[in-house]
Amino acid sequence: MHLFDTMQNRFVELDLRESGHVSIYACGPTVYDVPHLGHARTALTYDILKRYLQWSGYTVTLVSNITDIDDKIISRSAEEGISEHDLTTTYTKIYIQQLREFGIADPDHRPQATEYVSEMIEIISRLIHQEAAYEIVGSGVYFSVNAFDGYGALVGRTAGDLRESAQARITSDEEKEDPLDFALWKAAKPGEPTWESPWGPGRPGWHIECVAMSLDILGDGFDIHGGGTDLAFPHHENERAEAEASGHAFARHWMHSAMLNVNGEKMAKSLGNFRTLGDALKEYGSRSLKLAMLQAHYRSIMELSDETMAGAIGGIERIDAFFRRMRGAGIEKSSISEGMKQRFVAAMNTDMGTPDAIGVIFETISGGNSALDGENIDDAEVALATVTELLSVLGLDQIDQDTDSDIDSLLSKREIARTKRDFAAADKIRNLLQDKGVEIEDTPDGPIWRRL
RNA sequence: GCGUCGGUGCCCGAGCGGCCUAAGGGAGCGGCCUGCAAAGCCGUACAAUCGCGGGUUCAAAUCCCGCCCGGCGCUCCA
């Protein structure tokens, strides 16, 4: 499988630490609010990657963290007058629950930052020992960017470049040796949650938690580190510096998924333009939302407008109509089409090309529908098997047809009326069901129905 | 400002030197099927053209140069 590696800035063949096993660390959210669609898009990217790799025969370990200590959490809990712990517990629960509703499988591990403070302290101690970090008494411990060759390489820049473009922004922090140096440990301020450390009470700094958690669970030199593009710098670059300067081999590959925009702007809590996952799930349903997201490549910016969603809802309807029709005709799955499977695999192997992969599925659906029209049962069976299999790889499995004896009995009454050519009576039943939100589709094999 | 990614039909969105007379989805139109619908199928218009202008090449949406426009990043954001 080829993926675009941010660090190498090109497409590379996945080069695994251990053949047959893929270890992935995907940066999760800071839980101070409900998840929005952007979080969902990123989580979906790594969920699909995992599903696809597993389907391809790999063993996959996916770790996705929850960051439950940072400045925003502290200020939000102060605003709401509840403890940091209560705040993060609440939002962690909501995050997990809504991702499940969205149809994203739980990662294999979901570590929380606050459970890893002692590991973080250990890494910081080692960094100080290696002279890659220094303490400023009363302020905290800082990473010394000068001690790490190639700082900035993840985003294709040099420390010099960064210093230059940082000048305008950074309020040159008094005692830091270099304006690029960043906090590893922050000395306690009144009223903040704190942990004991060799440098006095304080709390973790720049995303050292991800280093501690990824190395602890996945080990040195794990395969893929991912997250949203907004994390590439400084978040991920700082992690890389921390890990490698402390003597650990870090991620072999870096992946970044693109932002989800609203009216041309990044969806973000800070911009106040976000749409929550919960609301979107209610409005569009999980499968439509997933289809919409997967119809855009994970590395391209996508707009999620009502028009986009209308398109995706139509797509899901097409998929479901296909299954209803096959079921109604009594078609059973047979073996899957090798040709279509190969095209699907080729699309996915090319940097996880889900839009192309979905194109292959829709073409199979068209082929299956045509086959059924032509009473070519063998081909219809192959199409049904293929569509079922490939959709499951993308987590877009069909919803099971529900059963309802009341509807069935009304349907048979209508069929009797229709045989008698009493269309007035037949249409009355159809309207009745329509009012109940049930739509009838007549097929040569009898009527089928669906809930609207 | 610096860096980076991108600008493809009515909308979304693939394609990234010849297979492009530009995939796939949605919306439109015509036909078939149907008692009528729905679903499906077939056909079809929308891209004589892929932001604009140059260039390279036998050949460019695809490569190069310039310009315009937009996203993201440049200290705690997925």
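Values reported hereafter were calculated over all heavy atoms of this structure, with side chains retained and with hydrogens, waters and symmetry mates removed. Residue numbers begin at 1 in each chain, while the letters A, B, ... track the order of the sequences.
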Please classify the glycosidic conformation of B:A48 as syn (within 90° of 0) or anti (everything else).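 That one's syn.
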Counting distance alone, no hydrogens or angles: does the base of [N] have a donor or acceptor under 3.5 Å from a partner atom on the side chain of [X]?
X	N	answer
A:Arg430	B:A37	yes
A:Asp442	B:C36	yes
A:Lys72	B:C77	no
A:Arg418	B:G35	yes
A:Asp356	B:G15	no

Centroid separation A:His253 to A:His225 less than 6.0 Å: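 No, the ring centres sit 6.0 Å or more apart.
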Does the ring center of A:His236 lie less than 6.0 Å from the ring center of A:His207?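 Judged by ring-centre distance (under 6.0 Å), A:His236 and A:His207 do not meet the cut-off.
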For nucleotides 68-70 of chain B, list the nitrogen or oxygen atoms of the protein found under 3.5 Å from its nitrogen or oxygen atoms, one pair per line.
none

Between A:Phe11 and A:Phe4, how do the two ring planes meet: parallel, tilted or perpendicular, split at 30° and 60°?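 Because their plane-to-plane angle is over 60°, the rings of A:Phe11 and A:Phe4 count as perpendicular.
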Stacking between A:Phe362 and B:G24, defined as ring centres under 5.5 angstrom apart with planes under 30°, is that present or not?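 Not stacked by the 5.5 Å and 30° rule.
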Tell me: NZ of A:Lys290 to P of B:G13, nearest whole Å? 20 Å
Go through B:G24, B:C11, B:U75 for me and flag the one nearest to the A:Phe182 side chain. B:U75
Complementary nucleotide of B:C76, counting Watson-Crick and G-U pairs under 3.5 Å: none
Applying a 3.5 Å limit to both distances, which nucleotide forms a Watson-Crick or G-U wobble pair with B:C63?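 For B:C63, the partner nucleotide comes out as B:G55, under the 3.5 Å rule.
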